[in-house]
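Computed from heavy atoms alone, side chains included, the values below leave out hydrogens, waters and symmetry copies.
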Amino acid sequence: MDTTSPAVFVNGALLRRYIGQKVRAVIQVIRSEIGSVVGKSTDDQQIVVKGSPQPPLTSYLEVIGIAESDNTIRAEVWTNFGDSFDAQNYNELCKLANGEFRHLFI
Amino acid sequence: MAVNLTAEAIAKMLNGEVTSETDMTPVLQVTELKMIQTKLNQNHESSNRYKITLSDGILWQQGMLNTSLNSLVIQGSIQFGSIVKLTRFVCNQVQSRRIVVVADVEILVEKCDIIGPRVQSGKPNEPGQSSVFDQQRGGLGSVNTQQSNGGGFEQQQARRTDLNGGRYGASANSPQPQVVHNNPDAVRYGVSANLPQPQVVHNSSDAGRYGLPANSPQPHQVGHNSSDAGKYGANLAQPQVGHNSSDAGRYGLPASSPQPQVGHNSSDAGRYGLPASSPQPQVGHNSSDAGRYGLPASSPQPQVGQRYGTGSGYPETSPSSRPYGSSNAGYGGSRLEQPRAPATTAYSRPVQSSYQPQPPPMYVNRGPVARNEAPPRITPIAALNPYQGRWTIKVRVSCKGALRRFSNPRGEGKLFNFDLLDSGGGEIRVTCFNDVVDQFFDQIVVGNVYLISRGSLKPAQKNFNHLQNDYEIHLDSASTIQQCYEDDPTIPRHQFHFRNVGDIENMESNSITDLIGIVSSINPAVSIMRKNQTEVLKRALQLKDMSGRSVEFTMWGDFCNAEGQKLQMLCDSGASPVLAVKAGRISEFNGKQVSTIGSSQLFIEPDFPEARELREWYEREGRNAHFTSISREFTGAGRQELRKVITQIKDDKLGTSEKPDWITVCATISFMKVENFCYTACPIMNGDRPCSKKVTNNGDGTWRCEKCDKSVEECDYRYILQIQLQDHTGLTWATAFQEAGEEIMGISAKDLYYIKYEHQEEEKFEDIIRSFTFSKYIFKLKIKEETYSDEQRVKATVVKAEKINYSSDTRFMLEAMDKLRTGDANSLPVKLESSNYRSDALNSGIGTSGTRETASVDARRDFGLPAANQVGQYGNQYAGPINGITSCNACGSNGHVSANCPSLMSEPQGQYTQGRYTGGGTPRQHVGGY
């Protein structure tokens with residue numbers, strides 16, 4: 001695992017803090033377009049993930065990539081997270097990992 | 001101090017006019033006091049009782065002090081010469097003697113010289129007599145001996161009789177009204193009216209075989225000069241009246257005589273001048289074969305054919321007006337079995353007994369027999385004892401048990417019991433077995449008043465019978481139960497011995513108490529699974545009383561619905577009902593508690609003084625008072641899930657207390673012993689569950705169970721899994737039996753056994769083992785220290801295993817963290833991980849949680865391998881500064897994080913120092929962390 005450039009757990013709101021850095025997010029796929037996937041972040045914000053995942057996609061995806069804007073990620077790694085995923089827990093994780101327990105993650 | 005002894009009190013006791021304090025509360029002097037030991041029950045527990053002799057200045061009377069009065073004797077308030085007023089007592093017929101059982105006294109004078117001549121007191125100048133007394137007293141103390149030594153007793157009696165005979169012959173001016181005559185010819189008896197006991201005894205030389213005073217308190221006072229007196233010696237203990245003389249003397253009995261009892265058998269009965277006003281014209285009876293009187297009671301008594309002398313001047317009204325008990329009573333406790341008068345008699349004798357000693361005197365051999373139609377004497381419950389054969393109690397049924405069946409080596413049976421109360425404040429339980437159940441079960445209705453007579457008194461079974469009585473009644477087929485249709489308001493419907501809550505705190509657990517209190521709160525009924533897999537309802541409520549304490553009261557079973565529902569409704573409507581509990585058991589679960597037992601009774605808003613007093617107090621001050629509970633406050637319903645980590649089993653010394661600890665851990669199965677994962681079990685159903693004991697192979701394909709003592713064709717297979725559980729703090733061994741084993745394995749033990757041993761599908765077997773090893777479960781564990789060959793071991797048993805639901809477990813963690821952050825650090829049950837591992841955590845993440853270790857079974861045994869431990873790493877989120885305060889998880893002090901903790905500097909492994917990870921070389925493993 002590449003420890004030199006850790007990927008930060010983010011939700012939609014946290015994305016803007018890491019523009020230009022490596023992030024990881026779980027999204028719920030809304031629709032797939034050519035060259036991108038439109039999804040919903042765990043805090044219910046719409047995020048566009050650029051890149052071409054290997055189909056088939058499950059409803060939840062984890063993407064790791066560079067935050068391009070406050071709602072765009074250019075994904076390098078796509079991982080299917082299945083159809084049932086506790087988005088709320090993940091969202092809490094994102095908040096904790098960027099909040100008081102930040103030192104544990106980055 | 002001027003105290004007057006109650007004149008003639010003893011005489012009245014002796015002749016049965018006075019049988020309890022309701023008749024009279026006599027003032028008497030204690031002329032003798034002696035301690036005796038009684039064997040109370042089969043356990044040879046003995047109790048000291050005091051035998052007492054009471055005098056009214058003229059006569060004396062033997063009696064027993066109730067054990068409750070022993071303290072008075074010990075402290076000297078009752079001593080030789082004391083003058084007491086009997087405020088509660090009963091006169092009993094014990095064996096053939098009259099005994100006063102003194103339940104309560106008022107001490108008027110502690111010490112006083114003996115009043116009166118005490119002529120009957122068995123002075124030393126009558127050595128024979130006093131020795132007989134001793135003999136008799138001995139018999140009283142342990143009465144069971146008396147019946148067996150009948151021979152000796154008779155001798156004694158005979159001897160005494162002779163003595164007495166002589167004495168009476170000489171004592172013409174004796175205060176004793178005994179008149180003894182021995183005259184070969186007709187004798188005239190002149191009994192003066194002022195004699196307390198006009199006892200008439202005569203004995204004619206030819207036929208006169210009996211000369212016994214009817215109402216003689218001491219049968220030995222009988223004068224006897226018959227030539228064959230020895231024959232009757234044995235009978236003298238029984239105050240029988242009667243004489244048998246063909247040429248009977250004349251009796252001149254004055255009208256004022258309390259008991260002009262005359263026994264005669266005379267052909268010229270008309271000569272007897274019996275006044276019509278005589279209260280008890282006793283029936284005379286006779287036997288042509290007087291010698292039989294000397295026989296024990298078991299032999300048919302010839303006097304059954306009691307007759308009135310026909311044509312005699314005897315008043316016809318006598319039989320029914322006689323307030324005395326049956327003549328049978330005169331034959332003494334064990335000798336009551338007299339055959340009834342034959343049907344041909346005009347007056348057959350009544351069935352009922354009493355402690356009246358007077359057998360009716362006999363008249364002729366021919367003629368009708370008198371029947372005593374008078375109501376029976378009522379014995380107070382408190383006076384019942386095993387040495388008394390005949391009694392009748394007037395009682396109210398306070399409680400009736402259900403019909404129960406039992407089976408023991410001697411066969412099947414059934415029984416039921418009911419509790420009785422009487423007006424004297426006594427309570428006793430009645431038990432009926434088998435046929436007697438059929439006889440009485442339907443007859444007994446709670447609340448009704450009955451006359452019950454006959455039955456044996458047995459020592460109370462204190463484990464089942466919590467009434468305040470040392471005895472219980474066993475009815476038999478000869479017992480009678482007769483309903484009194486007229487209610488007796490003096491008999492209470494219920495009797496309580498209330499203790500207040502404060503007292504209960506100091507009472508022993510498992511003892512039974514009555515309790516009354518205000519229900520301050522009530523919990524809904526919950527269903528509890530009992531050990532035998534049956535469900536039972538339970539409902540708890542808080543009771544408080546004037547002691548300022550409150551206690552948790554638990555209702556079980558049907559109480560929850562009936563009384564519980566009513567209480568719930570009352571509480572819901574804002575009321576604070578009064579609840580009286582009869583027979584609740586004190587238990588020591590969560591402090592002191594009181595709970596219902598089968599024979600408990602609950603009374604909601606009862607109408608008796610204690611309840612009213614309590615209600616008043618509550619309205620006045622209790623409502624706003626503060627109560628301290630003697631029970632540990634019980635929060636929530638049922639057992640709460642107590643999440644722990646594995647090292648806490650050791651650190652918190654779980655299982656070492658009296659009761660097992662029940663905890664839940666979130667842990668990974670790191671290893672399992674694959675050999676002997678199951679055992680061969682007995683499938684024979686025992687009740688609703690299989691026996692499940694181990695069966696052994698007979699070698700012929702059948703399996704034998706030692707417990708059932710049977711062999712079966714096919715055995716069951718049940719899990720007995722030895723598994724190693726591991727979480728981020730440590731590891732422990734645990735045993736999972738059948739149900740938990742199936743939860744873990746997802747396959748029945750039998751199937752797994754067949755896969756491995758019958759079908760030899762080793763690979764499939766390993767796949768199955770692999771499928772659950774290194775998966776995470778929430779285990780419910782029972783932790784209990786047990787002793788194996790002198791070695792104490794804390795044993796963990798898996799009660800329940802549930803595959804972890806990460807989503808809900810994460811939520812659980814988040815909640816715990818929330819609590820932690822809001823400052824309630826103690827509520828987080830999870831031991832914080834040492835932040836030694838923080839650097840590793842940086843690289844861990846949720847992405848790796850899906851990885852499953854797939855090492856072979858063999859590899860997994862060596863859990864020291866680093867690979868074996870990299871499961872489910874979510875990182876160690878919760879080490880570190882909390883609320884901005886940097887604190888160390890390792891040593892607990894603030895100001896540094898545990899990574900820099902001086903306490904850990906020398907030992908970088910932190911809590912992983914048990915050497916378990918040495919195989920891995922480095923402390924990189926963070927097992928089970930999120």
>> Please evaluate residues A:N89 and B:M813 with respect to the criterion side chain to side chain contact (heavy atoms under 4.5 Å, CB included), reporting the C-alpha separation (whole Å), side-chain torsions for both, the decisive distance (0.1 Å), and the verdict.
In response: CA-CA 10 Å; A:N89 276 343; B:M813 291 298 182; over 6 Å; no
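Pairs of residues two or more places apart, or lying in two chains, never qualify as salt bridge (Lys or Arg N to Asp or Glu O under 4.0 Å) while including a residue from residues 6-20 of chain A.
Taking CD from B:E815 and CD from A:E92, the interatomic distance works out to 11.0 Å, rounded to the nearest 0.5 Å.
In this structure, B:M817 and A:L96 have side chains that are in contact, with non-hydrogen atoms separated by less than 4.5 Å. Using a 4.5 Å heavy-atom threshold, the side chains of B:T810 and A:L93 count as separate.
The 12-atom threshold is exceeded at CD of A:E33, counting heavy atoms of other residues, nucleotides or ligands nearer than 6.0 Å.
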